Structure formats: structure tokens, C-alpha cells
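We count residues from 1, following the sequence as given. Only heavy atoms go into these numbers, but all of them, side chains included; no hydrogens, no water, no symmetry mates. None of these values were measured; they are calculated from a predicted model.
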Amino acid sequence: MVSAKILRELISEYLKASIELPQFSARFAVIFYDIEKTGDAEAIQISYRIETQLAKQSEGVISAQVLRSSLASLIEAETSQQAQITSIEQYPTPLSPTASNNSEAEYCQCDPIQVLPELITA
């Protein structure tokens, strides 16, 4: 399955000048060809953004510099999302309301997804 991580790695290679635009475009075309069947939801979304920017650049609507900037923003968006997730994870998760001896001062370091079914059925 194609993931957003694979696409971001490809973008990084291009931005670091490890590969040129024709190589980037060719490798991306292989991924994009069947993205609806082989990609996760985020990969599909990113692929269409990349495809749009490549089309604009090939038609001369945007410069190579604008293309690089727009591709870089796709990587920066992921970094920003990871920072938000990390900052949320630093806070302890409260115990579920169904736990015995639950007080405001008690917290657990459990996975909120595992606690969620309890909260829904409570």
C-alpha cells in the first residue's frame, strides 16, 4: 500500500536535489497511476496535490521554484501535524468515568482509543 510517508520521502529526495524533476515526475507517475486502489486516504489526497502542481509547472503556470515551495509545504504540513500530536500526547489521559475510585487527581497513561469504547457505552 502506498502511504503518505512514501510520497513525502519522494518529495524530500527532490527537494534535497538527490533527483531531478524528470526523475521525480517519472517515479511519481508510477505511484500515481493506480493510487485510488493502492494508496491510503492521505496518500491519495497528497498525490492529487502533487499532480496538480506538476501539471501547473509543466504548462508554465507556475515556476520550478513555486513547485518546490508547494511540495515543501506538503512536508511541512506533516511536521506540523506530528508536533501537534506530540504535544497532545504529553498530557496524561484521565481515567474513564466507569473506573472505581475515580477522582479528579487520578490519571492513567493509557491509549485513548482503548478507553473510547467504555466512554461510548457508559
Item to complete: Please step through side chain to side chain contact (heavy atoms under 4.5 Å, CB included) for the pair Phe28 and Glu51, ending with a clear verdict.
Response: CA-CA 9 Å; Phe28 174 73; Glu51 177 65 13; 3.4 Å; yes
Rounded to the nearest 0.5 Å, how far does [atom2] of [Y] lie from [atom1] of [X]?
X     : Y     : atom1 : atom2 : value
Glu9  : Ser18 : CD    : OG    : 12.0 Å
Arg68 : Leu21 : CZ    : CG    : 9.0 Å
Ser69 : Gln53 : OG    : CD    : 9.0 Å
Leu7  : Lys5  : CG    : NZ    : 12.5 Å
Ile35 : Gln45 : CD1   : CD    : 11.5 Å
Thr52 : Gln57 : OG1   : CD    : 13.5 Å

Indicate the atoms forming the closest heavy-atom contact of [X] with [Y], along with that distance.
X     : Y     : answer
Leu67 : Tyr14 : CD2-OH, 4.0 Å
Ala4  : Ile46 : CB-CD1, 3.6 Å
Ala43 : Ser3  : CB-C, 3.7 Å

Worksheet entry | Common cluster, Val61/Leu54, ILVMFWY with side-chain heavy-atom separation under 4.5 Å |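 Looking at the clustering, Leu54 is in the same group as Val61.
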Quick one: does [X]'s side chain have a donor or acceptor within less than 3.5 Å of a partner on [Y]'s backbone?
X     : Y     : value
Ser25 : Pro22 : no
Thr38 : Asp34 : yes
Gln23 : Glu20 : yes

Discussion item. I'd like to know whether Leu10 forms a side chain to side chain contact (heavy atoms under 4.5 Å, CB included) with Ile50, so could you lay out the CA-CA distance, the side-chain angles of the two residues, the decisive distance to 0.1 Å, and finally the verdict.
Written reply: CA-CA 11 Å; Leu10 180 60; Ile50 294 169; over 6 Å; no
Discussion item. Tell me whether the count of non-hydrogen atoms from other residues, nucleotides or ligands lying under 6.0 Å of CZ in Arg49 goes above 12.
Written reply: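 Open: at most 12 neighbouring heavy atoms sit under 6.0 Å from CZ of Arg49.
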Practice prompt. Flag the pair Tyr48 / Phe32 as yes when their ring centroid distance falls below 6.0 Å, and as no otherwise.
Written response: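 Distance test on ring centres: under 6.0 Å, yes.
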Worksheet item: Between Arg8 and Glu42, is there a salt bridge with N-O shorter than 4.0 Å?
Response: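 Arg8 and Glu42: salt-bridged.
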Worksheet entry | Student check: side-chain heavy atoms of Ile11 and Phe24 closer than 4.5 Å | yes
Worksheet item: Ile75 versus Leu15: any side-chain heavy-atom pair under 4.5 Å?
Response: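 In short, these two side chains touch, coming nearer than 4.5 Å.
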